[in-house]
Amino acid sequence: MVSLRGAPTRDGQWPAFQIARQARRRCVLLAHQPGAPSAQHATKLSPLASPLFFVEANYTGAGASAERLILSVLESFGVSRASVPEGARLVWANCFEAKLWASAGHCFINHFPRSVELSHKHRLCATLRLQRCLPRSFVLPKERFEFLQAIWGTVKARYEDFVVKEVSQEGQVVELEDVDLLGQWERWKQSAGAGPVARMVLAKENRDVADARAMLARSWRLRREDVHVHGLKDRRGITYQHVSVPWSALGPKHFPQKGAVTWDPAVQLGDLRRQEEHCRLGALQGNQFTIALRDVEIEGDGQRLSGLKLLQRPVLLNERLRSATEQLRRFGFVNYFGQQRLGGSRRSGPEIGRAIITQDYELACELIVCSMHEATSEFQEAFRAGRYQALLNLMPRRCGMEREVLRHLWAAPSVDFAGAVRALQTQQLLLFVRSFTSDLWNRVLGRRLSAFGSDVLPGDLVYDKASLVPEHRGPPKVRRIEPGETALITDVLLPIAGPREWHENLSVLMRQIYQEVLQEHDLSMDELAHLLGPLEKNHRATAYRHCIVQPRHLSARALCYHEPAERFFISALDRLKGRSVSHDAVRPLWTEDAMRHAAGHCGPEWKVCVVVEMTLASGQYATVALREFMRSRPLNEA
């Protein structure tokens with residue numbers, strides 16, 4: 001609190017001291033108003049004849065440092081302290097005692113009694129809570145967990161906790177219905193004018209898409225390139241997706257028994273039909289996800305609540321789920337590429353992609369062979385020593401890509417790392433390359449959001465609405481936001497690095513951010529486009545991706561359970577195998593009354609599970625959206 005006392009100057013204005021903190025420097029300037037000269041001459045001033053100031057303050061912590069700094073600046077300007085407030089031209093105090101102001105006489109006061117309720121942010125926060133028309137506010141760090149509204153839990157603790165179903169371009173949710181492939185093949189064989197492509201539903205549990213494609217091609221004696229899918233689905237989970245093969249390659253020998261697929265009991269095929277075109281990557285509306293969070297914990301009363309304690313707080317749990325759902329539905333999430341696109345924990349996808357792009361084939365081969373789960377330091381030492389045959393004998397047979405690289409290096413008359421990389425499938429090489437460009441896009445978006453948040457800036461890229469109508473042919477057009485134009489952050493796009501002039505539409509600011517990120521990899525935008533040219537031969541146009549996206553459908557519900565191996569929901573593949581949900585071991589918590597009943601009849605071994613259902617557009621990742629829903633990292637994630 002600062003007060004000023006004295007008579008007005010000849011021009012009718014009151015003398016004042018201005019304390020201004022210079023940007024990026026811990027210094028304070030004391031100047032005379034009006035007409036204060038420049039800072040370098042301020043120390044030569046004597047704004048008032050023999051000015052006095054009186055101090056009545058006892059700050060602690062950061063306030064004490066600020067007090068010492070300000071008072072030392074006052075003394076450096078020749079202002080002397082007074083022992084009593086009478087006659088002082090400036091009073092510095094942190095109290096509101098009436099006797100102090102009575103002795104100070106006539107003065108200007110920049111505080112009034114009880115103004116702390118407004119001027120102190122934490123007290124203003126408490127006052128605003130009484131106004132229902134204003135948004136909810138929090139006092140940090142005391143209420144940091146309430147502010148985050150974090151929900152802790154384990155994701156994919158069991159593979160059946162994660163179910164993915166494709167949503168076709170026609171809007172149909174893909175699920176397994178009829179597994180009589182032989183009967184379906186005979187019916188479609190008699191159909192005149194049917195297409196040359198056979199499309200089926202591929203249902204798998206705890207299997208990788210690449211492995212399922214390879215086993216299907218080997219079992220039906222097809223080339224792996226003849227097995228087409230719309231996208232790569234998570235390995236750890238139950239997934240349903242379309243797969244297509246040439247109709248001419250199928251025959252009765254491929255379907256020995258009704259509904260049987262002997263090459264892998266974890267993979268099932270069904271719903272055979274004929275169509276004109278093969279499945280293409282990304283040619284679908286999106287994916288429907290059902291995800292279970294086990295061992296759920298939330299923050300309440302300054303502690304983490306879980307199990308029976310959480311069941312005894314039904315209002316708190318329902319409020320937390322409702323708030324998390326509403327926030328994600330309303331504000332969306334940052335559209336980062338997920339770990340599935342970046343290679344997951346099995347391989348260093350972006351590093352392999354960068355090595356392929358920069359033609360460092362030796363490093364690419366080493367990373368491919370030595371970045372798998374079973375790889376140890378001995379693998380790396382043996383690879384660098386050239387003992388490829390020994391590594392080939394140790395490599396599991398399911399690691400087809402690693403074995404292909406080692407087989408080529410062992411059989412070649414001389415070390416041929418470039419040939420070993422080119423021996424891989426073109427689709428696999430593109431996955432590594434796009435893993436690097438996706439990681440690059442993530443880093444650029446992270447820096448943009450760190451610098452400008454959700455602000456939409458002039459020069460940001462958005463789709464031209466005229467090119468989004470069904471009548472428009474070709475990819476939608478992109479334009480820049482003009483100064484003064486309003487737009488939402490959910491409309492803003494960022495280009496994904498490609499072989500053509502992918503950076504030509506970037507604003508000066510975004511071009512600078514891209515250049516800073518590429519410099520960390522010793523690359524430039526033009527150099528990257530040149531190197532990507534031979535790899536992305538079929539790349540037609542620059543691909544753009546939204547920065548912030550919103551889920552199409554989102555819901556969350558709570559369950560309680562006590563058996564760690566229990567299933568919380570079943571799908572078509574589970575029904576085919578005779579699985580069901582045990583209602584004795586899993587109890588729904590749809591309402592607060594159900595939660596109170598569960599709390600009264602459940603023991604301390606019972607835990608809480610949250611089931612999240614959402615539908616995302618093609619190219620969006622449920623694991624990224626789930627983090628935004630939880631406001632925390634999964635408990636089982638490193």
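This one's a predicted model, so the numbers in the text were calculated from it and none came from an experiment.
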Could you check if a side-chain atom of [X] sits within less than 4.5 angstrom of a side-chain atom of [Y], using non-hydrogen atoms only?
X: I151; Y: V296; result: yes
X: V179; Y: L269; result: no
X: L305; Y: R313; result: yes
X: I570; Y: V581; result: yes
X: R235; Y: N206; result: yes
X: W441; Y: L445; result: yes
X: I352; Y: L363; result: no
X: L409; Y: F383; result: yes

So which heavy atom on [X] is nearest to which on [Y], and how close?
X: C365; Y: A420; result: SG-CB, 3.9 Å
X: V229; Y: C279; result: C-CB, 3.8 Å
X: L328; Y: P551; result: O-CD, 3.6 Å
X: F629; Y: A556; result: CZ-CB, 3.9 Å
X: S435; Y: G349; result: OG-C, 3.2 Å
X: R575; Y: E175; result: NH2-OE2, 3.6 Å

Which donor-acceptor pairs under 3.5 Å do side chains of residues 560-568 form with protein atoms, sequence neighbours excluded?
from: Y561; atom 1: OH; to: D295; atom 2: N; distance (Å): 3.1
from: Y561; atom 1: OH; to: D295; atom 2: OD1; distance (Å): 2.8
from: R567; atom 1: NH1; to: D574; atom 2: OD1; distance (Å): 3.0

Let me confirm one number: the [atom1]-[atom2] distance from [X] to [Y], rounded to the nearest 0.5 Å.
X: Q172; Y: K165; atom1: CD; atom2: NZ; value: 12.0 Å
X: H553; Y: Q288; atom1: NE2; atom2: CD; value: 8.5 Å
X: I238; Y: F569; atom1: CD1; atom2: CZ; value: 7.5 Å
X: E277; Y: R199; atom1: CD; atom2: CZ; value: 12.0 Å
X: D161; Y: L293; atom1: CG; atom2: CG; value: 9.0 Å
X: L406; Y: H408; atom1: CG; atom2: NE2; value: 11.5 Å

Measure from the side-chain N and O atoms of [X] to the backbone N and O of [Y], and report whether any donor-acceptor pair falls under 3.5 Å.
X: S450; Y: G446; answer: yes
X: N335; Y: H546; answer: yes
X: H230; Y: R280; answer: yes
X: R207; Y: V267; answer: no
X: Q268; Y: L573; answer: no
X: W188; Y: L272; answer: yes
X: S168; Y: L284; answer: no
X: Q241; Y: G231; answer: yes
X: D271; Y: E177; answer: yes
X: Q550; Y: F333; answer: no

Between [X] and [Y], does any side-chain N to carboxylate O distance fall below 4.0 Å?
X: R387; Y: E381; result: no
X: K577; Y: E205; result: yes
X: R354; Y: E351; result: no
X: D226; Y: R223; result: yes
X: D234; Y: K156; result: yes

Exercise for review: Verify the distance criterion only: is there a donor paired with an acceptor across the side chains of R341 and S438 at less than 3.5 Å?
Suggested key: yes
Point to revise | Residues D178 and Q184: side-chain donor-acceptor under 3.5 angstrom | key: yes
Point to revise | Within 45° cone and under 6.0 Å: R545 NZ/CZ vs F337 ring | key: yes
Review point. Think R274 forms a cation-pi with W247, using NZ or CZ under 6.0 Å from the six-ring centre and within 45 degrees of its axis?
Key: yes
Review point. In chain order, what residues pass the side-chain contact (heavy atoms from CB on, under 4.5 Å) check against W410, with sequence neighbours excluded?
Key: Y388, Q389, L392
Review point. Is there a side chain to side chain contact (heavy atoms under 4.5 Å, CB included) between L440 and L528 once you walk through the steps?
Key: CA-CA 11 Å; L440 174 68; L528 179 60; 3.9 Å; yes
Exercise for review: Using ring pair (Phe, Tyr, Trp, His ring centres under 6.0 Å) as the criterion, list what pairs up with H278, not counting sequence neighbours.
Suggested key: H228
Exercise for review: Carefully, step by step, assess C547 and V492 under the rule side chain to side chain contact (heavy atoms under 4.5 Å, CB included).
Suggested key: CA-CA 6 Å; C547 298; V492 176; 4.0 Å; yes
Exercise for review: Could you check V334 against V624 for side chain to side chain contact (heavy atoms under 4.5 Å, CB included), going step by step and ending with a plain yes or no?
Suggested key: CA-CA 8 Å; V334 182; V624 179; 5.6 Å; no
Point to revise | Passing candidate, side chain to side chain contact (heavy atoms under 4.5 Å, CB included) with R320, options T325, I298, V610 | key: I298
**Study point:** Identified side chain to side chain contact (heavy atoms under 4.5 Å, CB included) partner of V421 from the options L429, D360, V405
**Key:** L429
Review point. Does NZ in K204 sit with more than 12 non-hydrogen atoms of other residues, nucleotides or ligands closer than 6.0 Å?
Key: yes
Check your understanding: Please walk me through it: do E366 and Q380 pass side chain to side chain contact (heavy atoms under 4.5 Å, CB included)?
Key -> CA-CA 7 Å; E366 181 179 338; Q380 191 173 31; 2.8 Å; yes
Practice item. Apply salt bridge (Lys or Arg N to Asp or Glu O under 4.0 Å) to the pair E160 and R579, showing each step before the final yes or no. Key: CA-CA 11 Å; E160 60 265 23; R579 300 166 182 160; over 6 Å; no
Review point. W502 and Y514: aromatic ring centres closer than 6.0 Å?
Key: yes
